[in-house]
S.K.: 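One structure follows; several queries about it will come next.
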Amino acid sequence: MSRATLADSGDALLEAEELSTYFPIRTGIMQRVTGQVKAVDKISFKVRRGETFGIVGESGCGKSTTGRSLLRLIEPTGGTVRFDGQELGSLGESGLRKMRRDMQMIFQDPFASLNPRHRIGKILQEPLIVHGIGNAAERRERVAKVMETVGLSAWQLEGYPHQFSGGQRQRIAIARALMLEPKLIIADEPVSALDVSIQSQILNLMHDLQEQMGLTYVFIAHDLSVVKHFCDRVAVMYLGRIVELGDKRPLYSEPKHPYTKALLSAVPSTDLGKASERIMLQGEVPSPANAPAGCVFHTRCPQAMDICRHERPVMKQVAPGHATACHLYS
Amino acid sequence: MEPHLLEIVDLHTHFVTERGEIPAVDGVDLSIRKGEIVGVVGESGCGKSVTSLSVMRLLPQPPGKYAGGSIRFKGEELIHAREKRMKQIRGNEISMIFQEPMTSLNPLLTVGEQIMETLRVHLPIGKKEAAARAVDMLRKVGIARAESIVRSYPHQLSGGMRQRVMIAIALCCEPELLIADEPTTALDVTIQAQILDLMKKLNRETGTAIMMITHDLGVVAEICERVVVMYAGKVVEEGAVKDIFANPRHPYTQGLIRSIPSMNEERSRLYSIPGQVPKPGAISQGCRFAPRCEYAMDICRAQLPELIAGANAAHRSRCWLNTTQEVAN
Ligand SMILES: Nc1ncnc2c1ncn2[C@@H]1O[C@H](COP(=O)(O)OP(=O)(O)OP(=O)(O)O)[C@@H](O)[C@H]1O
Ligand SMILES: Nc1ncnc2c1ncn2[C@@H]1O[C@H](COP(=O)(O)OP(=O)(O)OP(=O)(O)O)[C@@H](O)[C@H]1O
Ligand SMILES: [Mg+2]
Ligand SMILES: [Mg+2]
């Protein structure tokens, strides 16, 4: 089945409903809980089988927390996540472990996620050993193949993580996520540390793997041009909420939410002649511990109206396959 | 012309490993003038971070080894400088934003304590003023609720927030040279724009020179005047940003520019330079890019070309194609 028909069939592999993750704020010597950081605040979306679902938004808006909550690497405060028809909240520790074979994560900080005392060869074999896959020779073969796919050479298997450059470590982290041939990969900024040529290599590779193995990706990134190339649908987050969600083309060509518009206008251009016309957002990102009432974006929105200050806008379809949470469209 | 602030000449930095010595930096020449913003770009693993860590003298020896060349800062040789002298220089005259924020922030100290520590080592200010400045610095790098973030520990911050804390620490002492190693990789465009503005402002107001290591050619176009392109431990091209974008002369640079995903056109496949970076030290003869170069000639595999200029004296490249053309003309 081709990728397009898969994405169109609407068959959801992953489904988040009203997903929330709050972190307690503790203060004073007694470390009493005095508030909450609403890192992810009641977000809902579906990721279709075989598609690439992008999540973009400003630093600190809750992208990584969303990714980790989806895999229950952090316990969400509320809401549900269904993966392949199973509600993850209902699974016990062992059920969750089995499930994780099919859902892998590439972490944002590659160095912190690689064991510094193990050689790369061992790091890559480990997931296979944990899940009892193959014999020693088969495992070595699989490791060698994946290393080649991510553009690393066999001689590098002998090295320790600290002996690699930032970009090389990132590729090791990607290789590790691919080892088990999962159904879903949540990739948190997988190419942001890479130079453009390797970035293209990795994106092409992820794309090929998707075609071959029917992989589904949740692709967290801040580089909007990379997301435009790579994703089928995109969710734009601001302060723990999704403000716009849609098929990539209409979202890029006709962004609806004022935040999405500002975000798209800020992309630096390598076109030296072209003076960029930026919508510079005024004011600072409000605290997720004390989010504004109504629409969380109203404090910085050039088009804010009265209603925006006290009523939270709900996601509404503005065109086929394109929805936004903004009072301008209701 | 202003004299050079930093002058790296024929630097060789090696790693001694079980498998022999790896020439990670293999004869790099790179100079930065006072107040200049220079971009350093190049394939992952080509030696950008090792070059900058060599300047800071932050590579542990062993396995690191300075195998030759010189690094002069305001005329002073740093390769043989004592550790005591380097301590005065680091964070004061030269400061650095490291590529991996999590590993360079202290997990046991709050963000505020780390900024205050740096401030108080370098400036004669009291605790109270340092605390106020720390909050102010965090605001400048675009961190909301700076008053409460100063009291957070690194693990409580998002990737981009950690990166900005690193930037705040590096900028707070107004150094003469700032080495920024991929400073905005974890940042979205709006904050990236804000950070680049902040760096430009620092550059304008205090004359801080910046060595900007980045893989993002958009960032280079945005703030650098000059750019140095590295490949496999060597500089392969350098020149004014506008010349290099308009007329890249080295096939590696040409490939790099072709690989940029553009917002304006949509291709299903991105261009990427075929082949893989050679193992450091594997190619001891000839041009290191030859095995991947579509124009490679016999001479390329036999002899390493020099870094030379064409008609434009400031635009130099290390490629036989350019040399032979010049000879032919
Ligand atoms: N401690 C070490 N031991 C052995 N080799 C090392 C060590 N540190 C770095 N290297 C090697 O030196 C080379 C240059 O690394 P460097 O970190 O400078 O690359 P880089 O240009 O900064 O790449 P990136 O863009 O991926 O950050 C790499 O091939 C790396 O594997
Ligand atoms: N363990 C934690 N304790 C307290 N607060 C946290 C913790 N982890 C994250 N946060 C807060 O939650 C918010 C969202 O963080 P998250 O890491 O999800 O952001 P992000 O969108 O991934 O940002 P970036 O692009 O910078 O990586 C931030 O305000 C962060 O400070
Ligand atoms: Mg993140
Ligand atoms: Mg590096």
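Protein chains get the first letters and strands the later ones, always in sequence-line order, with residue 1 at the start of each. Given the structure is predicted, the values throughout are model-derived calculations rather than measurements.
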S.K.: Give, as side chain, backbone, both or neither, the part of A:Ser165 having an atom under 4.5 angstrom from any heavy atom of chain B.
M.R.: side chain
S.K.: Answer with side chain, backbone, both or neither: which region of B:Glu18 has an atom nearer than 4.5 Å to a non-hydrogen atom of chain A?
M.R.: side chain
S.K.: Should the pair A:Tyr259 and A:Tyr238 be assigned to parallel (<30°), tilted (30 to 60°) or perpendicular (>60°) ring geometry?
M.R.: tilted
S.K.: Specify the closest pair of heavy atoms between B:Leu198 and B:Lys140, including all atoms of both residues, with the distance to one decimal.
M.R.: CD2-O, 3.7 Å
S.K.: Given heavy-atom pairs under 4.5 angstrom as the criterion, report whether the side chain, backbone, both or neither of A:Glu58 touches chain B.
M.R.: both
S.K.: At a 4.5 Å cut-off on heavy atoms, which part of A:Gln170 comes close to chain B: side chain, backbone, both, or neither?
M.R.: neither
S.K.: A quick test of your reading: do over 12 heavy atoms of other residues, nucleotides or ligands sit less than 6.0 Å from CD of A:Glu254?
M.R.: no
S.K.: Checking heavy atoms, do the side chain of B:Ser158, its backbone, both or neither come under 4.5 Å from chain A?
M.R.: side chain
S.K.: Can you tell me which portion of B:Thr184 sits under 4.5 Å from chain A's heavy atoms? Options are side chain, backbone, both or neither.
M.R.: backbone
S.K.: Let me know if A:Val56 has heavy atoms under 4.5 Å from chain B in its side chain, its backbone, both or neither.
M.R.: neither
S.K.: Non-hydrogen atoms of chain A under 4.5 Å away: do they reach the side chain of B:Glu43, the backbone, both or neither?
M.R.: both
S.K.: Any side-chain to backbone donor/acceptor pair from A:Gln156 onto A:Ser153? Under 3.5 Å, distance only.
M.R.: yes
S.K.: Does A:Glu148 have more than 12 heavy atoms from other residues, nucleotides or ligands lying within 6.0 Å of its CD?
M.R.: no
S.K.: Ignoring hydrogens and angles, tell me if any N or O in the side chain of B:Lys65 forms a donor-acceptor pair with the backbone of B:Val16 under 3.5 Å.
M.R.: no
S.K.: Counting heavy-atom pairs under 4.5 Å to chain B, which of A:Lys63, A:Arg119, A:Gln163 comes out on top?
M.R.: A:Arg119
S.K.: Which value, rounded to the nearest 0.5 Å, describes the distance between B:Ile257 atom CD1 and B:Tyr252 atom OH?
M.R.: 10.5 Å
S.K.: Looking at B:Arg164, B:Glu182, B:Met161, which makes the most heavy-atom pairs under 4.5 Å with chain A?
M.R.: B:Arg164
